[in-house]
Amino acid sequence: MERIYLDNNATTLVDPKVAEVMEPFQCRMYGNPNSLHQFGSEVHSYMSRALDQLYAGINARDEDDIVVNSCATEGNNTVLFGVYYSLMREGSKKHIITTQVEHPAVRETCRFLETLGVSVTYLSVNKDGIVTADDVAAAITDETALVSVMWANNETGMIFPVKEIAQVCRDRGVLFHTDAVQAIGKTVVDVQDVPVDYLTFSAHKFHGPKGVGGLYIRAKAPMTPLLHGGEHMGGLRAGTVNVAGMVGMGLAMELANDSLEYELTVVRRLRDKLEAAILKLDDVMVIGNSDLRTPNTILVSIRGVEGEAMIWDLNRFGIACSTGSACASESLEANPVMVAVGADKELAHTGIRLSLSRFTTEDEIDYVVSEFPKAVARLRAISMSYAAKAARHIL
Amino acid sequence: MAKNTLLGGSLWAQYSEEVNRRMANPVNRGEISEEEATALGGELIVADFGAESCGDAVRLYWVVDPKNDKILASKFRSFGCGTAIASSDVMAELCVGKAVDEAIKITNLDVEKALRDHPDVPAVPPQKMHCSVMAYDVIKKAASIYKKVDLGSLEEETIVCECARVSLRTVQEVIRLNDLKTVEEITDYTKAGAFCKSCIRPGGHEKREYYLVDILRDVRAEMEKDALRVSLEDESFATMNLVRKTQAAEEVLRDHVRPLLARDGGNVELADIRDKDGAVEIFIRYRGACAGCASSQTGTLQMIEGIFKEKLDENILVIAV
């Protein structure tokens, strides 16, 4: 049976070239980089090269910092707690602005900070699935210390206007953080063009290894380490550096940027091909304008077909994707993103996310195009309202 | 937290083969028409439960023989996840051949057991148990339509945990009888909260009318009040604090003394209470006709003291001031 992976917004295949550069650091070059002997020092040049690749990847300046850490969740927590300890705990600024559609790594951390006395505004998305710079500007008060808005949404793929939001924050003297995990390798991420103060990313979202990520900190932006201990990462993050992960992430970042044109043309064409085939079905809705989305993502609602049942049925035929529908998540409430962008409550329980990568092939998309309608038909045959409506020819 | 909860796990790996089989091929899916029902010699019942706007819905078709209330045929359609589909499929099957009153007794626990490959191994992961509850609810709905009664009349108890079918009364009783202090203890005793966990506290998969944390808090508060009441009732007059002594003395005056004095136009009020040398001195002040009565310092006073001794304590001295 074919086995086709269309869940790349969850995690990606490690590029074989990345796996190859990581291999020596498992069994042969395993020295602790902080050790003075040859075993330790021999890995330094590789770590330096990896850091260069990361700096180049997002166009950071030498005086800025990129802290290599374990994941974007750690990066997001470091920013939010760092700002809390440096600005909010003792000072008068006790307000954070974020969105209702952030990853839990931001949203739940904000909820925790609320228990420590921080006031948080959770902006809702508009019918395009984004928040605008005007939304952010209207929410900023004299007490606002930080704005945290994602670069691209993991469910819809919608790219947020981070350049305009960052500029608003800069003009108002408010720090700006963006969670860019879904943006690297799918759109240009340039911290000189977009004046962010903090930016987080995670290697496994762009064909690097799991368990390693990065936090960009603009020069002079407040920074309090989340992990205290040794003087690793210049004292900004204690803990022995994951050398293999760092080296892998460096190359993965370089490859992601080298592949950006491919992603924006070939991957997008495959995505659009699949999307067009899905839209030929009756009563389906694709969320968000395809020009404003990351080139690999489709979030589709299929009336009469519950999201998790669809995932399960596609999985039987070797197709892996994911659902943002409620049954598989924490709550049975309708997905707020989908409601915001125009899905009614019934449709908001039917979301399927298909996310491609540069490793997705045309043959795979052709197979999905042939199988997808069959799964829809199978589940609509069980569906109570859809079968009844079909019988009465009212569709 | 235990080791097996640290990693989580693949949801689908926890489904039984039977669940997988019925998800892929729900043999009882479909509809029954009026003509088909008539051909079978029964009455067609169509019941809906849930709503697609809530994420889950099921429609149950029954053909019921009006002579003996037996369900002759049963089919379903649904809008829900794989667990909801498999549960609805087996639920429809379990109904066939049963009288309507027997079918009402089929719970989601029966449905889950019927989906097991092995008697001791659950058919679905705990967090998916709530997806099987609709199967139980729609049977009730179908029965209420057939019996032409209100749905609520078939629900004998208020259910707190839909997954484990545990009632509010059971939870309250088990807390009281076993002096339970934590939600985990309630789960150990009743299985309430062991599955999807929505009933434990707000913020779970679905909103609930009752949450275990609130029931526990309220029952514990009632238990503490009861304990205080019992301890006060059992307390001797001599060991009561001044407030309780005053209350007890006021009660004796109200219930036993004033009615006697009132016959002659008299009255009395409590002036003070003091402990002295192991005894209790109760100071009273006469009112009405008693205020000027000659016997108020002799016979009447002895009578009042006697009543206090009888009702409260032998070591009471009553002093008129």
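Note that the structure is predicted; figures quoted are calculated from it, not measured. Proteins come first, then strands; the chains are lettered A, B, ... in the order of their sequence lines, and each starts at number 1.
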All salt bridge (charged side-chain N to carboxylate O under 4.0 Å, His left out) counterparts of K374(A), not counting sequence neighbours:
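Once residues adjacent in sequence are excluded, the partners of K374(A) under the salt bridge (charged side-chain N to carboxylate O under 4.0 Å, His left out) criterion are E371(A).
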Go through the structure and list residues passing salt bridge (charged side-chain N to carboxylate O under 4.0 Å, His left out) with E74(A), not counting sequence neighbours.
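Salt bridge (charged side-chain N to carboxylate O under 4.0 Å, His left out) check on E74(A) returns R237(A).
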For [X], is the [atom1] atom crowded, meaning more than 12 foreign heavy atoms sit under 6.0 Å from it?
X       : atom1 : answer
R201(B) : CZ    : no
F112(A) : CZ    : no
K140(B) : NZ    : yes

Value rounded to 0.5 Å, distance of [atom1] in [X] from [atom2] in [Y]:
X       : Y       : atom1 : atom2 : value
R378(A) : N25(B)  : CZ    : CG    : 11.0 Å
C131(B) : E306(A) : SG    : CD    : 8.0 Å
R77(B)  : R380(A) : CZ    : CZ    : 13.0 Å
T83(B)  : W312(A) : OG1   : CH2   : 10.0 Å
S383(A) : R29(B)  : OG    : CZ    : 11.5 Å

Where does A24(B) contact chain A at under 4.5 Å (heavy atoms): side chain, backbone, both or neither?
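Both parts, backbone and side chain.
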Under 4.5 Å heavy-atom distance to chain A, tell me which part of D89(B) shows up: side chain, backbone, both or neither.
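For D89(B), there is no contact with chain A at all, as no heavy atom is under 4.5 Å.
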Contact origin within L379(A) toward chain B - heavy atom pairs under 4.5 Å
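Only the side chain of L379(A) comes within 4.5 Å of chain B.
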Which pair of heavy atoms, one from T350(A) and one from F79(B), lies closest together, and at what distance?
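Heavy atoms only, the tightest pair is CG2-CZ, 3.6 Å.
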If we only count heavy atoms from C-beta on, is the F76(B) to I382(A) side-chain gap below 4.5 Å?
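Contact flag for F76(B)/I382(A) side chains = yes.
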